[in-house]
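This report concerns only the one structure given below.
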Amino acid sequence: MSTIRRAYRQLHDAYGPQGWWPAATRDGVADAWEIAVGAVLVQHTSWKNVLRAIASLEQADATSVAAIGAMERDRLAALIRSAGPPRVKAERLQALTAFLVEEFNGSIDSLLEGVEDRRVAQRRRTQLLGVRGVGPETADAILLYAGGAPLFVVDAYKRRVMRRHGWDDAGAKYDEVATFWRRRLPADAAVYAEAHALLVRVGVEHCRSPRPRCEGCPLQSLLPPGGPLLEGVAEKTE
DNA sequence: TTCCAGGCTC
DNA sequence: GAGCCCGGAA
């Protein structure tokens with residue numbers, strides 16, 4: 001078994017199924033649009049603060065594509081203030097609503113239709129990347145978690161785990177990292193979704209910045225003999 | 001690669 | 001106050 005498969009299994013054994021996407025709606029079930037909103041809001045921001053922003057959108061009864069699209073920019077910014085840079089994220093959310101209205105009749109379900117097929121997913125991904133404020137990670141998160149597309153999300157946590165374990169070619173591009181993981185895991189969107197969620201959790205709890213907390217980490221047994229590979233004098237364990 | 005953006009945490 | 005946060009644009 002590859003190291004990657006072993007890592008996935010150890011994380012899954014330790015943490016159990018994560019059941020992402022983290023739901024935040026009234027009924028506890030995140031719909032596709034809410035996932036997309038969350039994916040934009042979480043950029044460079046902790047998830048906890050995203051939940052606050054989503055809650056305030058719900059409080060204002062302003063969660064729909066139409067509502068967000070029609071809202072005055074400043075008002076939207078004020079509502080999502082807790083999720084990092086509000087002006088930027090208000091602009092990005094409205095760029096996304098405009099895109100959906102123009103290209104998919106305002107329906108994210110139309111955007112996501114058929115993305116279980118990898119070729120369709122790639123086309124939609126390219127379209128999403130044309131939206132200002134939607135980069136590779138955000139596009140993949142939306143397509144994977146809202147649409148079940150067989151795409152792998154690459155984020156800073158994943159890169160950090162890989163670097164410290166010596167699994168990566170230094171400087172690998174986004175798509176190269178995604179392919180690296182996809183080729184070593186079962187070709188199943190549900191597994192990709194689970195793997196990303198597990199890696200995020202281990203990143204939050206153990207593979208932190210600037211220094212890791214390897215004590216009790218489910219991946220500790222997979223470290224190089226000398227411990228985590230660290231860069232720079234500031235980065236020390238414990 | 002560098003710059004950006006801003007609330008939040010410690 | 002410094003640095004972190006499930007990035008993106010230039």
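By convention in this document, chain letters (A, B, ...) are assigned in the order of the sequence lines, proteins followed by strands, and residues within each chain are numbered from 1. All values below come from the heavy atoms of this structure, side chains included, with hydrogens, waters and symmetry mates left out.
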Whole-Å distance, A:L96 CG to C:dG8 P, equals 12 Å

Considering only NZ, NE, NH1 and NH2 on the basic side and carboxylate oxygens on the acidic side, decide whether A:R125 and A:D175 come within less than 4.0 Å. yes

For atom C1', what is the distance between C:dC6 and B:dT1, given to the nearest Å? 22 Å

In this structure, how many angstroms lie between the P atom of C:dG8 and the OH atom of A:Y174, rounded? 8 Å

For A:K158, which contact category applies under a 4.0 Å heavy-atom criterion: base, sugar-phosphate, or nothing? nothing

For atom CZ of A:R87 and atom C1' of B:dG7, their distance in whole Å: 14 Å

Give a yes or no on whether the backbone of A:Q122 and the side-chain of A:T126 come within a donor-acceptor separation of less than 3.5 Å. yes

Let me know the distance between CG of A:L129 and C1' of C:dG7, rounded to the nearest Å. 13 Å

Pick base, sugar-phosphate or nothing for A:R201, based on heavy-atom distances below 4.0 Å to the nucleic acid. nothing

Distance only, no hydrogens: is a donor on one side chain within 3.5 Å (strictly under) of an acceptor on the other, for A:T138 and A:Q43? yes

Without swapping roles, check the side chain of A:E205 against the backbone of A:G203 for a donor-acceptor pair under 3.5 Å. no

When the C1' atoms of B:dC4 and C:dC4 are considered, how many whole Å apart are they? 15 Å

What's the closest nucleotide to the A:R132 side chain, out of B:dG7, C:dA10, B:dG6? C:dA10

May I ask you to say what A:T45 touches in the nucleic acid, namely base, sugar-phosphate or nothing, with a heavy-atom cut-off under 4.0 Å? base

Compare side-chain N and O positions of A:K48 against OP1 and OP2 of B:dT9 and report whether any pair is under 4.0 Å apart. yes

Counting just side-chain N and O atoms, does A:R160 come under 4.0 Å of either OP1 or OP2 of C:dC6? no

Ranking A:V200 and A:V134 by the position along DNA chain C of their nearest nucleotide, the one closer to 5' is A:V200

Integer-rounded Å distance: B:dC4 C1' and A:E91 CD: 12 Å

